[in-house]
Amino acid sequence: MKLFGHLYAPDDRGLCLVTVEEGRIAAIEPAEPGTEPADAIGGPNDRILPGLLDIQINGAFGDDFADPAARMDVICRDMPRFGVTGFVPTIVTSAPKVYGPALANLAPRSRPGEAAVLGVHIEGPYISPAHKGTHDPAQLRLPDIREAATWLESGSVLWFTLAPELPGALELIEFLVRNGVRVSMGHTDATWEQARAAADAGATMATHLFNAMRPFRHRDPGVAGFALANPLRADFIADGNHIAFETIRLMARAKAPDDLILVTDALAGLGMPPGRYWLGGREYVSDGTCGRLPDGTLSGSLLPLNRALRNLVVECGFEVPTAVACVTTNPARALGLEEELGRVEVGRTADLTVVDENWDVQATISRGGLAYGAAAEVSR
Ligand code: ZN
């Protein structure tokens, strides 16, 4: 298999011919316009990117990951249509009995020609009632190491979002970090000092920065100010609804480029027509761009990852390599997966996404297998 286009690995390599053999990247050669092989995927106006990674996503194609019946075969098959080759499903705040079956359903998998499940993100239930967003208030609870330990037995929990100001949270952070789980501050009312205590205990990330957290104020910078001013990795949503594009520009000026992680925080309505869907047992309404509870409370996004990536470049003024890193190398590094994922290099597993000038996905290759092809001549 050969791919032709402007390679962002994510660093800018210029026009290249990329050869894939036996599931791996066999060669990367500089190319000239007009020299593309007839059977190559892509063209001189297309961009070749590392396969996109979405480390915070609640569901897609009608199914919610907190539902143990979510159809992972369908979702892994169809996610590459958005350029995604790997994702980390989120289990939002749920009743205790949900976690075991949901974790079993979300067991990591990685097969050629489909998006991989890299592990699981647990968001809640140990979060602030003041910033619960659309999490079920009836299921919020205080940090409980014994309960969390049962979830870790699945072996698939990669990261965890909690509110560090809750009683027992610092002990839970230390426990999770000791067990190899990344901890992120989110859905939280933490002050600067409480955020600092969480970072001292081992928390390294902030979840959907600015959304569902104590707001930044000039005399009370809070967890948002702490995350901006310190080397925490911050994930954020770029649909234009959750935070202003100007706020993303501000984040990009304040933070090291390596610490920015673009996520969709997408809901079950992703890839579906507007309508009513479920998140963690609560019904919300999708208007096709975002989800809201009947009272108007903003839930997750419905913007596909390749469109959000486009927004970083077109609406937020990011250089292309910086934007691409936010959905490839940066999330891989945040979760300790950078040796395997997030870069285009000879010898690496062939996870590749080809987009056109408008950032529309033309083809997605996962573990060397064609997972999605927009053009009629590209067949499985
Ligand atoms: Zn959230």
Side-chain angles (χ1 to χ4, degrees), residues 54-60 64-67 87-94 98-99 102 106 120-141 143 157-166 169 181-190 195 198 203-215 222-224 227 232-243 247-248 251 260-270 277-284 286 289-293 295-303 305 308 331 334-335:
D54 192 353
I55 68 165
Q56 186 174 4
I57 173 167
N58 305 290
D64 174 16
F65 294 131
D67 177 355
F87 62 103
V88 180
T90 295
I91 301 176
V92 296
T93 297
S94 297
V98 167
Y99 287 84
L106 301 173
V120 174
H121 167 220
I122 304 261
E123 186 185 30
Y126 315 132
I127 57 174
S128 167
H131 298 285
K132 63 186 183 306
T134 50
H135 288 237
D136 184 352
Q139 297 297 343
L140 301 186
R141 41 203 190 262
V157 179
L158 280 177
W159 69 292
F160 207 109
T161 294
L162 52 73
E165 73 278 14
L166 296 177
V181 176
R182 269 69 173 176
V183 177
S184 187
M185 307 181 217
H187 291 270
T188 167
D189 200 39
T204 51
M205 299 169 67
T207 299
H208 41 56
L209 185 57
F210 290 111
N211 291 124
M213 64 174 58
R214 186 183 190 88
V223 58
L232 289 184
R233 305 179 193 280
D235 86 32
F236 63 99
I237 305 165
D239 61 359
N241 292 307
H242 281 76
I243 47 175
T247 303
I248 296 175
M251 285 166 44
L260 295 173
I261 299 168
L262 176 64
V263 297
T264 60
D265 200 18
L267 299 162
L270 176 68
Y277 299 95
W278 294 85
L279 172 68
R282 304 188 90 196
E283 195 178 37
Y284 66 89
S286 157
T289 58
C290 61
R292 293 179 190 275
L293 292 182
D295 69 3
T297 303
L298 191 59
S299 187
S301 171
L302 293 161
L303 190 71
L305 192 56
L335 299 179

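Only this structure's heavy atoms are used, side chains among them; waters, hydrogens and symmetry mates stay out. We count residues from 1, following the sequence as given. Indexing begins at 1, ligand by ligand and atom by atom, following the structure's order.
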Is Phe65 close to Val120 at the side-chain level, that is, under 4.5 Å between some pair of heavy atoms? no
Between His135 and His187, is the ring centroid distance below 6.0 Å? yes
Take Leu298 and Cys290, measure what side chain to side chain contact (heavy atoms under 4.5 Å, CB included) needs, and give me the verdict at the end. CA-CA 8 Å; Leu298 191 59; Cys290 61; 3.7 Å; yes
Looking at side-chain heavy atoms only, is the closest gap between Leu279 and Ser299 below 4.5 Å? yes
Could you tell me if the side chain of Gln56 sits less than 4.5 Å from the side chain of Thr264, heavy atoms only? no
I want to check something: taking the side chain as every heavy atom from C-beta on, are Tyr277 and Asn58 in contact at a cut-off of under 4.5 Å? no
Close to the Zn ion (ligand 1), meaning under 2.8 Å, how many protein N, O or S atoms are there? 3
